[in-house]
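In what follows, a structure is listed as structure tokens, so that the remarks can point back to it.
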Amino acid sequence: MSTNSGATAFRVRPRVWLGLSAFIAYLAVFYAIWIVNGIDYARVGESEETLLRWYVAPLSGGLVVLVVLISIFGWWRASLTERRRLPRAGVVVPVIMAAVAVGNLAFGEFSRVTGLMWILLVLGSVLVGFNEEVIARGQLFVVLRSRFGEVGVWLLSTLLFSLLHLPNYFFGIGSLAFLQVVIQFGLGSVYYLAFRSTGSLVPAMLLHGLWDFSTFSSSLPYAGLVAPFLGIAGVTVTVVLLAKERRREASPSTGAAVDRGPLPAPR
């Protein structure tokens with residue numbers, strides 16, 4: 001067993017290769033279920049059958065992998081909480097993103113959505129928010145902080161989150177997958193702000209789930225049109241706040257007193 005400077009105990013000492021292995025294992029199961037079920041990404045929200053086979057089923061399989069691995073590692077507490085927070089101003093972009101998602105639901109078109117489809121959409125959206133935030137942000141923060149500074153943690157975790165969408169190239173959307181990767185890097189930065197500014201991964205989970213719920217349920221592309229601008233705002237605010245945090249930590253009057261939160265012991 002190893003411990004960190006914040007007295008957080010880990011069953012398994014966080015190492016980058018372990019976090020990446022968990023990330024890859026999750027994706028392997030998720031995409032294997034997609035392949036077996038004959039995924040067409042552009043039609044995920046089309047019907048009860050497509051939502052069950054291409055949204056709920058792969059996320060459920062990924063959930064099993066995630067829960068087993070993070071429980072074995074003993075990383076739950078460190079993955080879900082953040083002791084070293086960014087300023088509260090960081091929540092502005094996540095709040096705007098949430099408002100856009102709600103607006104998409106308020107003004108969207110849902111005539112094709114049945115009662116069972118609503119249930120599957122809610123279930124899938126809860127799963128996607130929980131799964132992707134834990135596997136691509138929470139647990140990656142834990143392992144990346146064993147080797148990198150906070151700028152590296154943000155860049156690498158957000159890059160990996162965006163790249164998990166790249167295989168969509170083969171699953172029905174072609175070259176649009178490259179644009180999706182770029183947009184998801186921006187949206188991933190918004191989720192990063194939601195986590196670091198509140199001290200809990202739960203707001204990022206809820207925001208992520210709400211966003212996917214609004215985009216998959218409505219046949220109108222309001223949220224999708226705004227997504228690039230949200231992404232630009234997310235990256236910009238993240239860079240500004242991380243630069244301020246770095247200068248504050250480097251200040252002789254405050255640098256020695258900074259609590260970096262639940263980081264693993266030095267290698």
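These numbers come from a predicted model, not from an experiment.
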So [Y] and [X], do their side chains get closer than 4.5 Å, heavy atoms only?
X: W17; Y: V143; value: no
X: E82; Y: R84; value: yes
X: V134; Y: L80; value: yes
X: V128; Y: F213; value: no
X: R77; Y: T81; value: yes
X: V92; Y: V237; value: no
X: L63; Y: L59; value: no
X: S71; Y: W76; value: yes

To the nearest 0.5 Å, how far apart are [atom1] in [X] and [atom2] in [Y]?
X: Y192; Y: T158; atom1: OH; atom2: OG1; result: 7.5 Å
X: E46; Y: M117; atom1: CD; atom2: CE; result: 8.5 Å
X: I232; Y: S189; atom1: CD1; atom2: OG; result: 11.5 Å
X: D212; Y: L127; atom1: CG; atom2: CG; result: 11.5 Å
X: Y222; Y: N104; atom1: OH; atom2: CG; result: 8.0 Å
X: E133; Y: F195; atom1: CD; atom2: CZ; result: 9.0 Å

same_hphob_cluster([X], [Y]) at 4.5 Å side-chain heavy-atom cutoff:
X: V102; Y: V202; result: no
X: L206; Y: F130; result: no
X: V29; Y: L166; result: yes
X: F229; Y: V93; result: no
X: V240; Y: V151; result: no

How close do [X] and [Y] get, counting heavy atoms only, and between which atoms?
X: V44; Y: W54; value: CA-CE3, 4.0 Å
X: S197; Y: P87; value: OG-O, 3.6 Å
X: S79; Y: Q139; value: OG-CA, 3.4 Å
X: E109; Y: S218; value: N-OG, 3.4 Å
X: A223; Y: S214; value: CB-OG, 4.4 Å
X: L230; Y: V190; value: O-CG2, 3.7 Å

Applying side chain to side chain contact (heavy atoms under 4.5 Å, CB included), run through L105 and S217 and close with a yes or a no.
CA-CA 8 Å; L105 290 170; S217 61; 3.5 Å; yes
Could you check whether atom [atom1] of [X] has more than 12 heavy atoms from other residues, nucleotides or ligands sitting under 6.0 Å from it?
X: F171; atom1: CZ; result: yes
X: F110; atom1: CZ; result: yes
X: R112; atom1: CZ; result: yes

What is the ring orientation for F161 with H165, classed by angle as parallel under 30°, tilted 30 to 60°, or perpendicular over 60°?
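Judged by the thresholds at 30° and 60°, the geometry between F161 and H165 is perpendicular.
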Over 60° means perpendicular and under 30° means parallel, so classify the ring planes of Y191 and H208, tilted if in between.
parallel
List the atom pairs, donor and acceptor, that lie under 3.5 Å between side-chain atoms in residues 175-184 and the rest of the protein, sequence neighbours left out.
residue : atom : partner : partner atom : Å
Q180    : OE1  : N168    : ND2          : 2.8
Q180    : NE2  : Y41     : OH           : 3.1

For [X], which residues count as a side chain to side chain contact (heavy atoms under 4.5 Å, CB included) partner, sequence neighbours excluded?
X: L159; value: S162, L163, F185
X: P58; value: F30, I33, W34
X: V68; value: V64, I72

Between E150 and R145, does at least one N-O distance fall below 4.0 Å, as a salt bridge requires?
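Counted as a salt bridge, because a side-chain N and a carboxylate O are separated by less than 4.0 Å.
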ring-ring contact (aromatic ring centres under 6.0 Å, His included) with F170: which residues, sequence neighbours excluded?
none
Residues in ring-ring contact (aromatic ring centres under 6.0 Å, His included) contact with Y55, at least two apart in sequence or another chain
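So Y55 forms a ring-ring contact (aromatic ring centres under 6.0 Å, His included) with F216.
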Passing candidate, side chain to side chain contact (heavy atoms under 4.5 Å, CB included) with L51, options V56, L121, L123
L121
Given side chain to side chain contact (heavy atoms under 4.5 Å, CB included), test W75 with L69 step by step and report yes or no.
CA-CA 9 Å; W75 296 349; L69 290 179; over 6 Å; no
Evaluate side chain to side chain contact (heavy atoms under 4.5 Å, CB included) for L156 paired with L140, printing each intermediate quantity in order.
CA-CA 9 Å; L156 292 172; L140 282 183; over 6 Å; no
Carefully, step by step, assess T238 and R196 under the rule side chain to side chain contact (heavy atoms under 4.5 Å, CB included).
CA-CA 10 Å; T238 299; R196 293 258 359 247; over 6 Å; no
